Amino acid sequence: MVFVGLASLVLRAPFWIDPGFSVDSYTNANGFPALQFFLAQGRIGQFLMIHTVESIGINYQASSLLLQATGIFMLGAASVLAISAFFRVEASTQKAICLASLLFVAHPFNAEILTFPEASFYPHFATFVSSFALFLAARRIVPLALAVAAIAFSLSIYQISINILLVALMLGLIGVMCRLPACVMDRRGILRSGAIVVFAALAYFVAAKVLAHLLGDGMEGRGTLLPIEAIPRRIGELHQLGLQLLDRFYVLKRPLLIILAASLIVAGYASASVRSGRVLLRQAGLASAYLAFAACGIGIVAIANVWWPVPRVLIGLCFAMAAAALPALIHPGRWTRAFAACCSILLILGGTSVGLGIHADQKRINAWDDDLAERLYEDASVLAGTSTPRIEIANVHMKWTHAVGVESLWGDMNMSAFAVPGALPGLFRESLGAKVEIIETTPAWMTACNTLPGWPDKRSMRLQGDIVQICI
């Protein structure tokens with residue numbers, strides 16, 4: 001566990017040594033949202049964690065290195081705990097568990113959350129707590145009630161952590177069904193562990209609902225479930241996501257990495273199939289379990305009311321890939337293990353490389369945003385005849401990113417701060433070291449910008465009273 005944690009720090013070194021700015025970094029420059037925001041999202045635990053951390057003097061802007069590094073180490077440890085929840089960690093399985101864990105940690109989906117240095121620690125902490133609770137509960141080291149409480153608390157920090165537990169349970173079921181080496185669980189143990197996760201999820205959901213109504217205005221957005229009438233739409237959205245992942249499962253379009261990942265999953269399935277024997281019912285169960293890996297990896301994302309399938313909420317899928325590979329990595333056959341190990345090492349190297357590219361793209365976007373903010377401020381100051389102009393910006397032509405763009409743009413990962421109006425005050429403050437008054441863009445100026453060229457064309461700026469209006 002310590003080895004994987006330290007290896008994770010090495011693989012993700014740029015993210016904690018030289019973290020960049022996300023749109024949320026700028027939006028939260030003056031502090032995180034109020035309690036009502038977290039209550040509505042069902043994340044009261046995250047609110048408590050943020051204020052606990054800041055109350056002891058650890059501020060995400062001043063201590064991003066500490067928080068990022070600690071979070072990365074905890075994610076590495078959590079991956080080992082989740083992968084080995086139902087397996088013995090011994091000399092014959094250590095290498096396999098380490099490789100499977102690093103497959104998960106090195107995946108670019110896990111790099112995406114690190115582009116949000118103000119928030120990444122909390123999902124990693126939640127994943128560690130829930131994985132540790134499942135690991136201990138599976139071995140009956142802690143009371144059932146304590147395990148339920150720990151998992152429920154982790155869900156109140158970051159709901160996506162439940163997807164990791166669902167995949168771990170499915171891996172344990174496959175281990176029992178196929179009599180995989182080093183599996184320490186029986187069907188009753190899997191059912192008991194599954195019941196713990198279900199009870200924890202129910203306890204969290206009820207508590208979140210009650211607190212949201214008592215202390216706030218109820219749950220909304222990400223804190224609510226998909227209504228029944230929206231199921232057909234969600235099926236279509238899941239289909240589109242599946243097509244997208246066939247091309248961008250490693251974020252960038254790298255066909256060889258997709259082929260290696262598919263080969264590893266097939267090798268894992270074949271290894272488990274050999275172990276399960278020729279019993280038709282058992283083979284059908286194994287095939288269903290491997291298909292269920294994908295369903296567990298998507299997990300709560302599929303039934304949440306808000307559909308925002310960015311990489312950080314799809315980490316269950318890359319954990320499912322790592323879990324699906326484990327039967328091949330612990331297979332008795334030397335050549336099978338060697339093939340799986342080679343695929344794993346190449347995927348770890350490839351995933352790490354893509355992650356480094358994501359970090360480099362973020363630093364480029366930050367530099368471009370800083371440069372654009374400075375130049376807009378200079379032009380606005382000249383037009384207004386003052387060093388403290390009031391600025392109104394309408395983003396009509398630029399949209400999500402700069403003209404050159406970056407290959408790793410996905411949702412709000414490596415998106416320009418100019419795409420989010422709420423991020424602009426923080427951006428100008430960080431870029432200029434000055435508090436610039438950014439006026440909320442009016443519909444009239446947005447409409448007018450549709451007929452005007454974008455900056456730096458001179459027609460893209462005009463002075464209305466004491467407000468400099470800019471079209472980008």
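Remember, it's a predicted structure, so these values are computed and weren't measured experimentally. Here, residue 1 is the first one in the sequence, and each next residue gets the next number.
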Peer 1: Output every pair passing side chain to side chain donor-acceptor pair (under 3.5 Å) with a member in residues 228-241, not counting sequence neighbours, ordered by first then second residue.
Peer 2: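 Qualifying pairs, neighbours excluded: R233-E237, R234-E237.
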Peer 1: Quick one: CE on M415 to CG on D412, what's the gap to the nearest 0.5 Å?
Peer 2: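 Reported to 0.5 Å precision, the distance equals 5.0 Å.
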Peer 1: How far apart are the closest heavy atoms of L225 and N305, and which atoms are they?
Peer 2: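 Where L225 meets N305 most closely, the heavy atoms are O-CB, 3.7 Å.
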Peer 1: Any chance you could measure L103, atom CG, to F319, atom CZ, to the nearest 0.5 Å?
Peer 2: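 Result: 11.0 Å between the selected atoms.
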Peer 1: Using the benzene-type ring in the case of Trp, are the ring centres of F293 and Y290 under 6.0 Å apart?
Peer 2: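 Centroid distance F293-Y290: below 6.0 Å, so yes.
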Peer 1: Any chance you could lay out the side-chain contact (heavy atoms from CB on, under 4.5 Å) test for L257 and F249, step after step, and finish with the verdict?
Peer 2: CA-CA 9 Å; L257 294 179; F249 183 60; over 6 Å; no
Peer 1: Taking all non-hydrogen atoms of both residues into account, name the closest pair between A325 and L264 and its distance.
Peer 2: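 Taking every non-hydrogen atom into account, CB-CG, 3.4 Å.
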Peer 1: In sequence, state the C-alpha distance, the side-chain angles, and the governing distance for W368 and V406, and then conclude on side-chain contact (heavy atoms from CB on, under 4.5 Å).
Peer 2: CA-CA 11 Å; W368 294 341; V406 292; 4.1 Å; yes
Peer 1: Ignoring hydrogens and angles, state whether a donor on the side chain of S25 or E118 is under 3.5 Å from an acceptor on the partner side chain.
Peer 2: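 Yes, side-chain donor-acceptor contact under 3.5 Å.
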Peer 1: If you count the non-hydrogen atoms of other residues, nucleotides and ligands that lie under 6.0 Å from CZ in F132, is the total more than 12?
Peer 2: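 Open: at most 12 neighbouring heavy atoms sit under 6.0 Å from CZ of F132.
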Peer 1: Determine the minimum heavy-atom distance between A323 and P327, stating which atoms define it.
Peer 2: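 A323 and P327 have their closest heavy atoms at O-CD, 3.5 Å.
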Peer 1: Over 60° means perpendicular and under 30° means parallel, so tell me whether F109 and H107 are parallel, tilted or perpendicular.
Peer 2: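 The rings of F109 and H107 stand perpendicular, inter-plane angle above 60°.
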Peer 1: Is the shortest side-chain heavy-atom distance between S193 and F86 below 4.5 Å?
Peer 2: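 They are in side-chain contact.
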Peer 1: Any donor and acceptor pair, going by atom type alone, linking the side chain of N414 with main-chain N or O of D361 inside 3.5 Å?
Peer 2: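 Pair absent, no side-chain N/O of N414 close to backbone of D361.
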Peer 1: Is there a side-chain contact between L326 and I174, using heavy atoms and a 4.5 Å cut-off?
Peer 2: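 The answer is no, as the side chains (C-beta and beyond) never meet within the 4.5 Å cut-off.
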Peer 1: Is it true that a side-chain atom of Y204 and a backbone atom of G42 form a donor plus acceptor pair closer than 3.5 Å?
Peer 2: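 Side chain of Y204 to backbone of G42: a pair is present.
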Peer 1: Does the side chain of L67 come within less than 4.5 Å of P117's, by heavy atoms?
Peer 2: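 P117 vs L67: side chains apart.
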Peer 1: Flag the pair L241 / I298 as yes when at least one side-chain heavy-atom distance between them is below 4.5 Å, and no otherwise.
Peer 2: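 Yes. Closest side-chain heavy atoms under 4.5 Å.
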Peer 1: Would one find more than 12 heavy atoms of other residues, nucleotides or ligands at under 6.0 Å from atom CG of L243?
Peer 2: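 Yes, CG of L243 has more than 12 neighbouring heavy atoms, counting only those of other groups under 6.0 Å.
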Peer 1: Taking side chain as C-beta onward, heavy atoms only, is L81 less than 4.5 Å from L134?
Peer 2: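 Not touching, per the 4.5 Å side-chain cut-off.
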Peer 1: A100 and A322: which non-hydrogen atoms are nearest, and at how many Å?
Peer 2: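 Closest approach of A100 to A322: O-CB, 3.2 Å.
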Peer 1: Is V251 close to E112 at the side-chain level, that is, under 4.5 Å between some pair of heavy atoms?
Peer 2: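 No, too far: nothing below the 4.5 Å cut-off.
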Peer 1: Taking it one step at a time, do Q362 and T115 satisfy side chain to side chain donor-acceptor pair (under 3.5 Å)?
Peer 2: CA-CA 7 Å; Q362 183 180 37; T115 63; 4.5 Å; no
Peer 1: Under 3.5 Å, side chain of S131 to main-chain N/O of F128, donor-acceptor pair present?
Peer 2: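 Side chain of S131 to backbone of F128, a donor-acceptor pair under 3.5 Å: no, none is there.
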Peer 1: Taking all non-hydrogen atoms of both residues into account, name the closest pair between G76 and S8 and its distance.
Peer 2: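 Closest heavy-atom pair between G76 and S8: CA-OG, 3.5 Å.
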Peer 1: Is W400 atom CH2 crowded by more than 12 heavy atoms from other residues, nucleotides or ligands, each under 6.0 Å away?
Peer 2: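 Counting neighbours around CH2 of W400, 12 or fewer heavy atoms of other residues, nucleotides or ligands fall under 6.0 Å, so no.
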Peer 1: Quick one: does Q68's side chain have a donor or acceptor within less than 3.5 Å of a partner on L114's backbone?
Peer 2: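 Here the side-chain-to-backbone pair exists.
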Peer 1: Report the C-alpha distance between T52 and S55 in whole Å, list the side-chain angles of each, state the deciding distance to 0.1 Å, and finish with yes or no for side chain to side chain donor-acceptor pair (under 3.5 Å).
Peer 2: CA-CA 5 Å; T52 299; S55 69; 5.3 Å; no
Peer 1: Do D369 and R364 pass the salt bridge (charged side-chain N to carboxylate O under 4.0 Å, His left out) test, and can you show the C-alpha distance, the side-chain angles, and the key distance before you say yes or no?
Peer 2: CA-CA 9 Å; D369 281 350; R364 292 167 68 198; over 6 Å; no
Peer 1: CG of L99 to SG of C342: how many Å apart, nearest 0.5 Å?
Peer 2: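 These two atoms lie 10.0 Å from each other.
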Peer 1: Can you measure from CG (L102) to OG (S79) and round to the nearest 0.5 angstrom?
Peer 2: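 Here the interatomic distance stands at 6.5 Å.
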Peer 1: Side-chain contact test, heavy atoms from C-beta onward, threshold under 4.5 Å: evaluate it for M74 versus V129 and give yes or no.
Peer 2: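 M74 vs V129: side chains apart.
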Peer 1: Donor-acceptor pair, distance only, cut-off 3.5 Å: does the side chain of H359 make one with the backbone of V354?
Peer 2: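 Checked: no pair found.
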Peer 1: Report the C-alpha distance between Q46 and S156 in whole Å, list the side-chain angles of each, state the deciding distance to 0.1 Å, and finish with yes or no for side chain to side chain donor-acceptor pair (under 3.5 Å).
Peer 2: CA-CA 7 Å; Q46 188 175 108; S156 74; over 6 Å; no
Peer 1: For residues A212 and L39, report the shortest heavy-atom separation together with the two atoms involved.
Peer 2: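 Closest approach of A212 to L39: CB-O, 3.7 Å.
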Peer 1: Supply the atom-to-atom distance I97 CD1 to F3 CZ, rounded to the nearest 0.5 angstrom.
Peer 2: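 The distance works out to 13.0 Å.
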Peer 1: State yes or no: are the ring centers of H51 and F47 separated by less than 6.0 Å?
Peer 2: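 Yes - the distance between ring centres of H51 and F47 falls below the 6.0 Å cut-off.
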Peer 1: Walk me through whether Y158 and V313 qualify under side-chain contact (heavy atoms from CB on, under 4.5 Å).
Peer 2: CA-CA 10 Å; Y158 197 61; V313 305; 4.0 Å; yes
Peer 1: Tell me yes or no: between the side chains of R43 and Q159, is some donor less than 3.5 Å from an acceptor?
Peer 2: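 Yes, a side-chain donor-acceptor pair sits under 3.5 Å.
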Peer 1: Is it true that D247 and R254 have a side-chain N and a carboxylate O under 4.0 angstrom from each other?
Peer 2: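 Looking at D247 and R254, the cut-off is not met.
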Peer 1: Between L238 and W307, is any pair of side-chain heavy atoms under 4.5 Å apart?
Peer 2: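 In short, these two side chains touch, coming nearer than 4.5 Å.
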Peer 1: Supply the atom-to-atom distance T27 OG1 to F21 CZ, rounded to the nearest 0.5 angstrom.
Peer 2: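 Those atoms lie 12.5 Å apart.
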Peer 1: When you measure from the side chain of N28 to the backbone of D24, do you find a donor-acceptor pair of N or O atoms at a distance under 3.5 Å?
Peer 2: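 Judged by distance alone, yes, a pair lies under 3.5 Å.
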Peer 1: When you measure from the side chain of S431 to the backbone of F428, do you find a donor-acceptor pair of N or O atoms at a distance under 3.5 Å?
Peer 2: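 No, because the side chain of S431 does not come within donor-acceptor range (under 3.5 Å) of the backbone of F428.
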Peer 1: Can you check side-chain contact (heavy atoms from CB on, under 4.5 Å) on W445 and L452, steps first, answer last?
Peer 2: CA-CA 10 Å; W445 180 232; L452 296 173; 3.8 Å; yes
Peer 1: Is there a donor-acceptor pair closer than 3.5 Å between any side-chain N or O of T401 and the backbone N or O of S416?
Peer 2: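 Flag not set: sc T401 to bb S416 has no pair under 3.5 Å.
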